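Bear in mind that the values here come from a model prediction, so they are computed numbers and not experimental data. Atom set for the values below is all heavy atoms of this structure, side chains included, hydrogens, waters and symmetry mates excluded.
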Amino acid sequence: MIYELNEPSKAAPVYASWEELDVSVIACLENVMGKVFANDPERPESAMAVIGDFAFCAGKPDLELLRAKPDRMMLVVPQNKAWEELIENNFPAYKRIRYAIRKDTKFDREKLKAMVNALPAGYSFRKIDGELYDICLRDNKFKDNVSVFGSKKKFLELGRGFAVMKDGKIVSAASSYSRYSKGIDIEISTRKEERHKGLGSAVAARLILECLDEGLCPAWDAANKMSVRLAEKLGYEFSHEYVCYSIE
């Protein structure tokens with residue numbers, strides 16, 4: 001039997017051997033957002049932290065637990081090879097590589113400020129408030145910038161984000177995909193026709209500076225090498241590749 005944990009922290013020992021824990025898992029374990037499912041409500045041997053489109057599986061490989069994931073396309077991140085084999089042997093899954101970024105970055109604030117100030121003429125920053133939250137939620141390009149929080153109230157309370165505006169419309173945004181006690185995981189989106197203008201680096205730098213001023217860690221995880229290059233431009237350092245699976 002699979003249980004949704006009322007006290008997600010009970011699954012923390014299952015994730016203890018994960019070498020570098022994703023901040024979204026920490027958000028789940030801290031019960032800030034997301035959910036944790038496990039094979040036992042008190043002393044789980046297997047657990048799955050679910051947040052947004054991601055599921056992080058740890059502990060003893062458990063097929064019943066995997067099948068308890070939300071009934072939609074998910075990116076499932078396995079803790080080890082045993083989980084990978086379980087996924088590959090039981091699901092029509094697409095294997096992909098993602099790129100972990102180090103979380104101990106020492107940022108050059110002056111460099112970040114220069115990126116902010118390099119925003120081209122005709123564009124402006126705007127903090128993601130209640131009005132922009134609604135606009136992002138209705139726009140598939142920017143939906144992931146706010147939707148994981150589940151409500152406007154929770155995003156405005158815990159989320160952080162800035163948009164780049166042009167002619168009254170959002171053309172780029174950087175915000176918190178998820179939030180944990182010590183920081184956020186950054187989500188960044190730019191309209192295709194507005195790319196290669198420095199908008200992504202400018203709005204990301206604006207958000208990072210905001211986080212640093214608040215004492216929050218602005219974590220970054222990259223879906224592709226383009227995201228890695230942007231992260232490195234901002235001052236982050238690449239850590240390692242890891243495997244995930246797209247599963248219906």
Side-chain angles (χ1 to χ4, degrees), residues 2-12 15 21-38 41 47-57 68-77 125-165 168-191 200 203-204 206-221 223 246-248:
I2 301 303
Y3 304 85
E4 180 182 338
L5 300 185
N6 293 322
E7 297 179 47
S9 60
K10 290 183 177 179
Y15 289 91
L21 204 56
D22 191 284
V23 299
S24 289
V25 178
I26 299 172
C28 293
L29 295 176
E30 291 182 341
N31 205 21
V32 177
M33 56 195 304
K35 298 178 180 180
V36 177
F37 299 89
M48 178 172 64
V50 176
I51 188 165
D53 295 327
F54 290 86
F56 299 84
C57 298
K69 74 172 187 62
D71 188 20
R72 63 177 189 273
M73 178 67 76
M74 297 287 292
L75 287 174
V76 179
V77 183
F125 294 111
R126 180 174 165 185
K127 193 167 187 175
I128 298 179
D129 55 12
E131 181 184 1
L132 288 192
Y133 173 94
D134 291 334
I135 292 172
C136 287
L137 202 60
R138 295 193 298 265
D139 190 325
N140 284 335
K141 185 63 184 176
F142 300 107
K143 185 176 181 180
D144 284 349
N145 285 93
V146 299
S147 62
V148 178
F149 285 80
S151 72
K152 183 191 299 188
K153 180 180 179 182
K154 191 163 188 176
F155 179 84
L156 295 178
E157 177 186 353
L158 297 176
R160 300 290 185 275
F162 290 90
V164 174
M165 311 295 294
K169 296 180 180 180
I170 302 174
V171 294
S172 184
S175 65
S176 45
Y177 182 80
S178 61
R179 167 71 189 265
Y180 69 115
S181 60
K182 295 182 180 180
I184 67 169
D185 186 22
I186 293 178
E187 174 78 12
I188 185 164
S189 309
T190 302
R191 295 199 187 279
V203 73
R206 181 70 182 84
L207 177 59
I208 292 168
L209 286 168
E210 173 95 347
C211 288
L212 296 179
D213 288 343
E214 289 191 50
L216 298 175
C217 172
W220 189 289
D221 188 77
S246 297
I247 301 179
E248 288 280 2

Mind checking the [atom1]-[atom2] spacing from [X] to [Y]? Nearest 0.5 Å is all I need.
X    : Y    : atom1 : atom2 : answer
S176 : I128 : OG    : CD1   : 8.0 Å
E4   : F37  : CD    : CZ    : 4.5 Å
S181 : L29  : OG    : CG    : 11.0 Å
I26  : K182 : CD1   : NZ    : 8.5 Å
D139 : K169 : CG    : NZ    : 10.5 Å
C28  : D22  : SG    : CG    : 9.0 Å

Is the shortest heavy-atom distance from the side chain of [X] to the side chain of [Y] under 4.5 Å?
X    : Y    : result
I186 : Y177 : no
V25  : V77  : no
L207 : I184 : yes
S178 : S24  : yes
L216 : R179 : yes
D53  : R72  : yes
V164 : R191 : no
F142 : S175 : no

Of all heavy-atom pairs between [X] and [Y], which one has the smallest distance, and what is that distance?
X    : Y    : result
Y180 : C217 : OH-CB, 3.7 Å
C136 : I170 : SG-CD1, 3.7 Å
P41  : L5   : CA-CD2, 3.7 Å
T190 : S172 : OG1-OG, 2.8 Å
V36  : P8   : CG2-CB, 3.8 Å
M74  : G52  : CE-O, 3.8 Å

Non-neighbouring partners of [X] that pass salt bridge (charged side-chain N to carboxylate O under 4.0 Å, His left out), sequence neighbours left out:
X    : answer
D221 : R98
K143 : none
K10  : E7, E42
D213 : R109

(request) Step by step, work out the side chain to side chain contact (heavy atoms under 4.5 Å, CB included) result for I188 and W220. (result) CA-CA 10 Å; I188 185 164; W220 189 289; 4.1 Å; yes
(message) Can you list everything that forms a side-chain contact (heavy atoms from CB on, under 4.5 Å) with D129? Sequence neighbours excluded, please.
(response)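 Applying side-chain contact (heavy atoms from CB on, under 4.5 Å) to D129 gives R126, E131, L132.
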When you measure from the side chain of [X] to the backbone of [Y], do you find a donor-acceptor pair of N or O atoms at a distance under 3.5 Å?
X    : Y    : value
E210 : R160 : no
K69  : E248 : yes
N145 : E187 : yes
Y15  : A49  : yes

Side chains of residues 150-159: which donor-acceptor partners sit under 3.5 Å, not counting sequence neighbours?
from, atom 1, to, atom 2, distance (Å)
S151, OG, K154, N, 3.1
K152, NZ, D134, OD1, 3.4
K152, NZ, D134, OD2, 2.9
K154, NZ, V32, O, 2.6

(request) Applying side chain to side chain contact (heavy atoms under 4.5 Å, CB included), run through V76 and C57 and close with a yes or a no. (result) CA-CA 7 Å; V76 179; C57 298; 3.8 Å; yes
